[in-house]
Every structure is written in C-alpha cells, then in structure tokens.
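Here is how names work: the chains are called A, B, and so on, in the same order as the sequence lines, proteins then strands, and each is numbered from 1.
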There are 2 protein chains.
Amino acid sequence: MGRPPRIGRDQVLTAALALADDHGLEGLTMAAVAERLGVTPMALYRHVSNKADLLDGLVERLLTEFPPPPAELSWPERLSVLASNVRASARRHPSVFSLLLQRPATTKEARATRQAVYAALAEAGVAEERVAQVERLVSTAVLGFAVSEVAGRFSRHSRRQLDADFDALQGLLAGFIQAADPAGRED
Amino acid sequence: MGRPPRIGRDQVLTAALALADDHGLEGLTMAAVAERLGVTPMALYRHVSNKADLLDGLVERLLTEFPPPPAELSWPERLSVLASNVRASARRHPSVFSLLLQRPATTKEARATRQAVYAALAEAGVAEERVAQVERLVSTAVLGFAVSEVAGRFSRHSRRQLDADFDALQGLLAGFIQAADPAGRED
DNA sequence: ACCTGAACACCGTTCAAGT
DNA sequence: ACCTGAACACCGTTCAAGT
C-alpha cells in the first residue's frame, strides 16, 4: 500500500550534482548518491530510470542556471550578462558542464534563454533570417570557451589571462553581431 | 630472459582508437582492446600505465592529424585548410575528439600546428603581442564547433545547415583577424 | 622482458521480497 | 508505492607465476 516516499527525483539530482561538483564525474556513482541520501543504491531506480537518465537530469539542471537577463538592459549588456552567467555556471559545476556539448538544449528554460538571445540579436539589427545561425555561432563560442576553461584545456593559463581572453571573446562576438546588421553601421 | 614483444604501445593505441571510433567511449574497455590484439587485458599494462594514460595517448594521436598546411597558400587559405582538417578529424573520431578540450595541447605536433597559426596571424597583420590570444580564441571557436557537432549538441540540425554554419564561423573569424590588424584595413 | 591466471574491489542493474 | 538484500555481469587493476 501507499508508503510515504523518503526521496524524490529532485533530491536524487541535487545529491548527484553536489557529488559531481565535489568529486568529479568519476566520483559520481549510484552508490555514492544513495549513501548521501541515506538509502540503498537500488532505491534510486524508482526515481531515475538509469544512470544516463540521471546525467540527463543534471544537464537540465544546469540549463536552468542562466535565465534570461533583465529586459531593461541594452542588448550588449544583456548578452554580456548572459555570457557571464554561463561562465559562472561552468565554474560552479566543472564536471557536469562539459556534458552540455553532448545534447541539444531542448528544455523549456533553454528555449527561453535562446529566445532572449534572438531578441537581443534582432535589436542589434541582425537580419531575421540570420538570427538563428548567429545565435548558434555565438553560443558555440561562449560554450566552447567555458568548457575549455573548466575541463582543463587552459590549465596552463592564469585566471587573469583567461579573464582577458573572455573579454576579448565578447568583443569579437559583439563586432560580428554589429557586422551582421544589414543596415550597416556607423559610430 | 628477453622474449620478443608481441605488441607495443603503438598497436595498443591503434586498437583503442579503432575501438572507440566503432563503439564509442563506453565500448573502449581494456578487455576489448586486449581481445582485438589477441592478448589478455593484463598484457596491456606493460605498454600503458593505466586507462588514463591510454586516453592521453589517444589525444596525442588526434593532435597528429592536423599538420601545418602547405606554406605556399595565402594565410586565409592556410587557416581554412587547418579548420577543415580539424573538423574532418572530429568526424573521423567522434568519441575521442571531445577529450581534446580536457588537456592543453603540449605535444610537439600540437606546437607546430600552433606555430603555423601564429605565422598566419602575423602575416594577416595581427599585432605581435595579441597573436597568442587571437590564436586561443580562434582555436576555441573551431574546436567548440567541431566538438558540439560530433558530441551531439547539433543533432537536430542537418548536415547542410552545419556546413553553412561552419562557413559562417570561418567568415566570423576572418573578419575578427582582419579587424585585429593594427594598421587598419581597406579593400 | 613479456605475457598469463587467479583474484580483488568496485560498478550499474535485475529481481523477488519485505512493509 | 517505496525501499531492501541478494545476486549477476562487467570493469580496472594487483600480484605472483610462467617462458
């Protein structure tokens, strides 16, 4: 009969994310997640269908961490806030973050974030039929940088250097977006 | 006493790479590599110190696959050839390629490739003190795209669309490189 | 020097059983 | 409905032993 649940999917994901943040992806075992929740490993399978499903859940969690920026900012400010949020999320969750490159971002929150970028690009004057492609390139560059940074490709470089690189990257992208304005630009 | 070796590190890496290409990273087990070589799993440990070392070896292998382009080409052509080689290598080795984001490229071959990019950038007129940073940003963007493509982030998009995106990415980067020329530009 | 056989700790996952 | 105990196939890795 009905027995009160001791854990739920949310708690499983929360425990798993904390574990991955603290001990890396190879510290993320079903047994370790279960122990953190005071439960046997097999209890988890009522809430996630298997480990792949658990990882999918973690990726969804991450996509939630960069919500659309405040609408009252200018478009360059909004894109900059967004990029910084992405980078900060990568630093918080270095192991799980790399998984973002493995699946299309199809959750509701991811869609909202993408729409926010579309809006900024449209406001910047990017032609409607190019907006989706420009969003893809810009996201790829930011994501590629953030993953490289937390996964270890830049481990030879100082934090100071990486901050400067990230600024330069944003400059690069802003310049590209301006240039994608079919009305041209002058300033 | 001296016994003729039946296998060497090279053959271990070759077998491992083929296995990963065919069956993905989770099909790459020590047992499977050994079987492919007609040997017991424990025999491998004489040639690689452990599985992490084996993966490091595979990454080194990949870095070998995009050699510096022919010097007689113009700098935009050389960068374009290089970018295409990177993308082609990603498509040949989809599972292993993602690991490239995890370590700094410090092998001899990787250094030669980087030097080739430096040379192209210098020829394009990028200021000497900015060459290293521009190289990092350009490489990150190309690598980020290639990894996204083979790891699955773009799985919703057609090959046609991705080809167009890659072209646009190269245009973006060429524009940035031109703009980084301190002498300005006119055409 | 190189490979093997037996063994160990650990992993994800199943199934039937308990409440 | 939710959790447990026992069990299974598989994994990376060790060590002593064979040639």
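Residue pairs meeting the side chain to side chain donor-acceptor pair (under 3.5 Å) criterion with at least one member in residues 139-155 of chain A, sequence neighbours excluded: A:Arg87-A:Glu149, A:Arg91-A:Glu149, A:Glu135-A:Ser139, A:Thr140-B:Arg153, A:Ser148-A:Arg153, A:Arg153-B:Thr140. Residue pairs that meet the salt bridge (Lys or Arg N to Asp or Glu O under 4.0 Å) test with at least one member in residues 103-118 of chain B, sequence neighbours left out, are B:Asp56-B:Arg103.
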- [ ] Starting at the 5' end of DNA chain D, write a dot or bracket for each base, bracketing those in Watson-Crick or G-U wobble pairs whose two distances are under 3.5 Å and using | for partners on another strand.
- [x] ||.|||||...|||||.||
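Taking the ring centroids of B:Phe166 and B:Phe145, they lie under the 6.0 Å cut-off.
Within the 4.0 Å cut-off from OP1 or OP2 of D:dT4, at least one side-chain nitrogen or oxygen of A:Arg6 is found.
Atom CD of B:Glu26 is separated from atom P of C:dT13 by 12 Å (rounded to the nearest Å). Put simply, CG on B:Leu55 is 12 Å from C1' on D:dG12, counting in whole angstrom units. C:dC3 atom C1' lies 14 Å from atom CD of B:Gln11, rounded to whole Å. Per the geometry, CZ belonging to B:Arg9 stands 14 Å off P belonging to C:dC2, to the nearest Å. With rounding to whole Å, A:Leu54 atom CG is found 14 Å from C:dC11 atom P.
With B:Leu17 as the partner, the side-chain contact (heavy atoms from CB on, under 4.5 Å) test is satisfied by one option alone out of B:Leu54, B:Val96, B:Val33: B:Val96.
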Side-chain donor/acceptor pairs under 3.5 Å, residues 57-69 of chain A, sequence neighbours excluded:
from    : atom 1 : to      : atom 2 : distance (Å)
A:Arg61 : NH1    : A:Thr14 : OG1    : 3.1
A:Arg61 : NH2    : A:Asp10 : O      : 3.1
A:Arg61 : NH2    : A:Thr14 : OG1    : 3.4
A:Glu65 : OE1    : A:Ser89 : OG     : 3.3
A:Glu65 : OE1    : A:Arg92 : NE     : 3.2
A:Glu65 : OE1    : A:Arg92 : NH2    : 3.0
A:Glu65 : OE1    : A:His93 : NE2    : 3.3
A:Glu65 : OE2    : A:His93 : NE2    : 2.8

TODO: Begin with the C-alpha distance, continue with both residues' side-chain angles, and end with the deciding distance and a verdict on salt bridge (Lys or Arg N to Asp or Glu O under 4.0 Å) for A:Arg159 and A:Asp165.
DONE: CA-CA 10 Å; A:Arg159 170 67 194 256; A:Asp165 281 11; over 6 Å; no
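Of the candidate nucleotides C:dT13, D:dC3, D:dG12, D:dC3 has the atom lying nearest to any side-chain atom of A:Ile7.
For DNA chain D, the residues of residues 34-51 of chain A within the heavy-atom distance limit of 4.0 Å (strictly under) are A:Val39, A:Thr40, A:Met42, A:Ala43, A:Arg46, A:His47, sorted by number.
The side-chain contact (heavy atoms from CB on, under 4.5 Å) test applied to A:Arg156 returns B:Pro104, B:Thr106, not counting sequence neighbours.
A side-chain donor-acceptor contact under 3.5 Å links A:Glu77 and A:Ser74.
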